[in-house]
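All values below come from the heavy atoms of this structure, side chains included, with hydrogens, waters and symmetry mates left out. Chain A is the first sequence line, chain B the second, and so forth, proteins listed ahead of strands; every chain is numbered from 1.
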There are 2 protein chains.
Amino acid sequence: MDDQTVVREGLVLLLELLPGLEVVGAAADGEEALRLVPEVRPEVVLMDLRMPRMDGAETTRRLKAAHPEVEVVVLTTYADDESIFAALRAGARGYLTKDAGADEIARAVAAVRGGASQLDPAVQRRLVEAVAAAEPRAPRAGGLPDGLTRREAEVLALIARGRSNAEIAADLVISEATVKTHINNLFAKAALRDRAQAVSYAYRHGLAPGG
Amino acid sequence: MDDQTVVREGLVLLLELLPGLEVVGAAADGEEALRLVPEVRPEVVLMDLRMPRMDGAETTRRLKAAHPEVEVVVLTTYADDESIFAALRAGARGYLTKDAGADEIARAVAAVRGGASQLDPAVQRRLVEAVAAAEPRAPRAGGLPDGLTRREAEVLALIARGRSNAEIAADLVISEATVKTHINNLFAKAALRDRAQAVSYAYRHGLAPGG
DNA sequence: TTCCCTCTCCACCCGGGGGCGGAGCCGGCC
DNA sequence: GGCCGGCTCCGCCCCCGGGTGGAGAGGGAA
């Protein structure tokens, strides 16, 4: 799918030449694509990101919602992080730039049909770095930092959830005075000044609920 | 680098046959590799993950710490999530399984030398799915949530760093009154009650420095 | 020009948060 | 038995943080 007619028709011709690959349809924009897919039942959709009326990411999202079995390979000129992650989150499983040759397109299509992926090498690098930069997610089980007790960690988790002392007291069914004691103790142990720093500490050590 | 002598020597022979690729050394385990690298100054290191004495991830971590310019491509039989993410977090920029052909190894080496990556297709799929499943990390450049202004986001980032109002005022070279104004505005926009909730908000939206 | 938004600053109020000292209870360890 | 650490609670003090209302300067858009 591509909004530039010349590009699209050239691409169709190119793809028809490839063995093991059959072009069942072509669309000029997202809305046309969504109409076309139920008719022609493709296994794989090649998707441009920049299109009029509905962009590729949104089209991909709707396409996967309606037809989860259809695999989407993005084929676009842009390879910025924004586009890449938006497309992949929308459900695309391949991502090629338009300087990819016909053989690379064929490999990518074959890969997604086989449950794998074939991405542009630069995109692969972006993903590698995104994964490498992701937090190593501290193990939830045991091992509290700085000698915090279970109760203190529990209070800390509630602080990280934005609860006030009174709310924490209600949550744990203890008095507010006790909450303050726990807080003072954990502040001393973790060298924290106030609850704002405590929230940050909780996130960095994986003690925040869902963080 | 590989601990099985036969495998290692066979690999060396294979790689020597590839154009544009020169084998400058081979090691049986991580410690030997760390000794060898400063001597032979490789551009790219092929790394097995399962090795005696020091595993590939740890070796990669130390190698990148001592020689950040050296690129590491993992070449292993295992492609479970655990191994993949551990290796990439350790600093590897390529990941191949041992059913990769010589040409794929050559492509991977060339890719990392060129600042890109060439991963095993199955590994690519794992990364794509990891990224797709990851929380929609708000884009750092532009696109602030809930209509926050740049200044408000700046103040928020400092709050998330645990700074007091007075410290934030000093950091931004404005009065504390202005800081309080920004804070009140961003609290209203983001529906926050206090700075503890603000820190949590900052982390969830990727506005916290390093979070 | 006019209007709106952003950024800047002021004064006032007050309630929650944080510091400090002290205390009792319980269970585990020496 | 004695001791220690965790959990519970109390009172007191004080200041930072947050709410409100108001105001002026500068810039961009209509």
Side-chain angles (χ1 to χ4, degrees), chain A residues 140-205 207-209, chain B residues 138-205 207-209:
Chain A
R140 186 75 52 162
L144 297 173
D146 293 319
L148 295 189
T149 67
R150 291 175 169 272
R151 204 56 160 172
E152 285 158 1
E154 207 168 351
V155 170
L156 177 58
L158 289 167
I159 288 178
R161 208 183 278 171
R163 311 283 285 169
S164 72
N165 290 344
E167 289 168 341
I168 294 173
D171 290 343
L172 300 182
V173 201
I174 57 181
S175 82
E176 201 175 331
T178 305
V179 174
K180 294 179 90 173
T181 301
H182 288 316
I183 290 178
N184 273 307
N185 290 337
L186 80 88
F187 278 12
K189 288 179 184 174
L192 301 171
R193 191 205 297 163
D194 50 45
R195 47 211 302 124
Q197 292 189 352
V199 176
S200 176
Y201 177 91
Y203 272 90
R204 293 197 312 272
H205 290 80
L207 296 173
Chain B
R140 185 76 50 161
L144 299 171
D146 294 320
L148 295 189
T149 68
R150 290 173 170 273
R151 205 55 161 171
E152 286 158 1
E154 207 169 350
V155 170
L156 177 57
L158 289 167
I159 288 179
R161 207 182 280 169
R163 312 282 285 168
S164 72
N165 289 345
E167 288 168 341
I168 294 172
D171 290 344
L172 300 181
V173 200
I174 57 181
S175 81
E176 202 175 329
T178 305
V179 174
K180 294 179 90 174
T181 301
H182 287 315
I183 290 178
N184 272 305
N185 289 337
L186 82 87
F187 278 14
K189 288 179 183 173
L192 301 171
R193 190 205 298 165
D194 51 45
R195 38 208 312 123
Q197 293 188 353
V199 176
S200 175
Y201 178 90
Y203 272 91
R204 292 197 312 270
H205 290 79
L207 296 173

### Query
In whole angstrom, what separates Arg150(B)'s CZ from dT6(C)'s C1'?
12 Å
### Query
In whole angstrom, what separates Arg193(B)'s CZ from dG17(C)'s P?
8 Å
### Message
So Arg195(A) and Val199(B), do their side chains get closer than 4.5 Å, heavy atoms only?
### Response
no
### Task
Whole angstrom is fine here: how far is it from CD1 in Ile174(A) over to P in dC10(D)?
11 Å
### Task
Check the distance between dC7(C)'s P and Glu154(B)'s CD and give it to me in whole angstrom.
9 Å
### Minimum heavy-atom distance between Ala160(A) and Ala208(A), given as atom pair plus value
CB-CB, 3.9 Å
### Query
What residues, two or more places apart in sequence or in another chain, satisfy side chain to side chain contact (heavy atoms under 4.5 Å, CB included) together with Arg161(A)?
Leu158(A), Arg163(A), Pro209(A)
### Query
With no hydrogens and no angle check, is any side-chain donor or acceptor of Asn184(B) less than 3.5 Å from a backbone partner on Phe187(B)?
no
### Any residue meeting side chain to side chain contact (heavy atoms under 4.5 Å, CB included) with Ala166(A), in chain and number order, not counting sequence neighbours
Ser164(A), Glu176(A)
### Task
For Leu172(A) and for Ala196(B), locate the closest nucleotide of DNA chain D by heavy-atom distance; then report the residue assigned to the nucleotide nearer the 5' terminus.
Leu172(A)
### Query
Where is the tightest heavy-atom contact between Gln197(A) and Arg193(A), given as atom of each residue plus distance?
OE1-N, 2.9 Å
#### Entry: Euclidean distance, atom CZ of residue Phe187(B) to atom P of dG19(D) [Å, nearest integer]
7 Å
#### Entry: Any Leu172(A) side-chain heavy atom under 4.5 Å of Val179(A) side chain
no
#### Entry: Within residues 156-171 of chain B: residues closer than 4.0 Å to DNA chain D (heavy atoms)
Ser164(B), Asn165(B)
### Query
Which angle, rounded to 10°, do you find between the first-five-pair axis and the last-five-pair axis of the helix from dT1(C)-dA30(D) to dC30(C)-dG1(D)?
50°
### Message
I want to check one thing: is the phosphate of dG18(D), taken as OP1 and OP2, less than 4.0 Å away from some side-chain N or O of Arg195(B)?
### Response
yes
### Task
From the options Ile159(B), Leu156(B), Ile174(B), select the one residue that forms a side chain to side chain contact (heavy atoms under 4.5 Å, CB included) with His182(B).
Ile174(B)
## Note on the structure
Result for 5'-nearest mapping on DNA chain C, choosing between Glu152(B) and Asp194(A), is Glu152(B)
### Query
Using a cut-off of less than 4.0 Å, is there contact between a side-chain N or O of Thr149(B) and OP1 or OP2 of dC7(C)?
yes
### Task
Using side chain to side chain contact (heavy atoms under 4.5 Å, CB included) as the criterion, list what pairs up with Thr181(B), not counting sequence neighbours.
Asn185(B)
### Query
Does Leu148(A) offer a backbone N or O that forms a donor-acceptor pair with the side chain of Lys189(A) under 3.5 Å?
no
### Message
Tell me whether the side-chain N/O atoms of Arg151(B) come closer than 4.0 Å to OP1 or OP2 in dT8(C).
### Response
yes
### Query
Is there a residue in residues 177-186 of chain A whose heavy atoms reach under 4.0 Å of DNA chain D, and which residues are they?
Ala177(A), Thr178(A), Thr181(A), His182(A)
## Note on the structure
CD1 of Ile183(B) to CG of Leu192(B), rounded to nearest 0.5 Å, is 11.0 Å
